[in-house]
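Residues take their numbers from the sequence shown, with the count starting at 1.
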Amino acid sequence: MHDKHEALEELRSMFRNSLAASAVGGSHSRVLRSRGCVDGYMRALLDLGVATRGELLEVITAERERAHGPATSAIDDRDVVDAA
């Protein structure tokens, strides 16, 4: 098995490819297959004790943010409408 750094870099590459396939409108089956490969690879890394759940989430979060920007953004509380 690769060392931890190589394994996480491989995950990063696989997830990037999955995001790219989805972004260019790849076939549904191809996108799902790539996501399944990423899921399976993460499961193997967890089961083998190569990486922790937190480490995997850091990789996935960073790649999602790189591809699509941050998941959330700061808002000014003056922009929030009171629902009451």
Side-chain angles (χ1 to χ4, degrees):
M1 180 76 194
H2 303 290
D3 71 358
K4 184 179 205 166
H5 176 73
E6 289 174 334
L8 293 178
E9 284 305 310
E10 179 65 21
L11 174 61
R12 188 178 309 278
S13 174
M14 291 171 69
F15 191 60
R16 249 184 227 151
N17 291 339
S18 178
L19 290 173
S22 182
V24 298
S27 71
H28 187 65
S29 62
R30 186 177 193 148
V31 171
L32 289 179
R33 188 176 321 118
S34 70
R35 288 181 184 171
C37 288
V38 169
D39 288 347
Y41 194 75
M42 288 193 299
R43 170 80 335 197
L45 293 177
L46 286 171
D47 289 349
L48 293 171
V50 173
T52 65
R53 185 173 185 240
E55 291 168 328
L56 298 179
L57 289 174
E58 285 178 21
V59 170
I60 297 302
T61 300
E63 286 306 310
R64 280 192 191 278
E65 190 170 287
R66 187 191 65 74
H68 302 295
T72 59
S73 60
I75 59 170
D76 187 345
D77 62 355
R78 294 175 293 185
D79 296 335
V80 178
V81 177
D82 189 6

Joint cluster assignment, L48 & V38, ILVMFWY side-chain distance < 4.5 Å =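 Hydrophobic grouping puts L48 with V38.
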Under 3.5 Å, which donor-acceptor pairs link side chains of residues 17-25 to any protein atom two or more places apart or in another chain?
from	atom 1	to	atom 2	distance (Å)
N17	ND2	S13	O	3.3
S18	OG	S34	OG	3.2

Ion pair present between D47 and R43, side-chain N to carboxylate O less than 4.0 angstrom?
->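 A salt bridge is present here (some side-chain N lies under 4.0 Å from a carboxylate O).
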What's the shortest heavy-atom distance between L46 and A51, and which atoms?
->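 Heavy-atom minimum between the residues: CD2-O, 3.5 Å.
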Closest contact, heavy atoms only, M42 versus I60 =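 Residues M42 and I60, closest heavy atoms: SD-CG1, 3.9 Å.
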Selection residues 53-62 - residue pairs positive for side chain to side chain donor-acceptor pair (under 3.5 Å), sequence neighbours left out |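 Only K4-E55, T52-E55 qualify under side chain to side chain donor-acceptor pair (under 3.5 Å).
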For residues 19-32, pull every pair meeting salt bridge (charged side-chain N to carboxylate O under 4.0 Å, His left out), keeping only residues two or more places apart or in separate chains.
->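 Salt bridge (charged side-chain N to carboxylate O under 4.0 Å, His left out) check on residues 19-32 returns no pairs.
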Would you mind reporting whether R64 and F15 have side-chain heavy atoms less than 4.5 Å apart?
->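 Contact flag for F15/R64 side chains = yes.
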How about H68: does its NE2 atom have over 12 heavy atoms from other parts shown lying under 6.0 Å from it?
->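 Yes.
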Determine, step by step, whether V50 and D3 satisfy the side chain to side chain contact (heavy atoms under 4.5 Å, CB included) criterion, reporting the C-alpha distance in whole Å, the side-chain angles of both residues, the deciding distance to 0.1 Å, and the verdict.
-> CA-CA 8 Å; V50 173; D3 71 358; over 6 Å; no
Could you tell me which residues satisfy side chain to side chain contact (heavy atoms under 4.5 Å, CB included) with R12, sequence neighbours excluded, listed by chain and number?
->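 Partners of R12 under the side chain to side chain contact (heavy atoms under 4.5 Å, CB included) test: E9, R16, V59, A62, E63.
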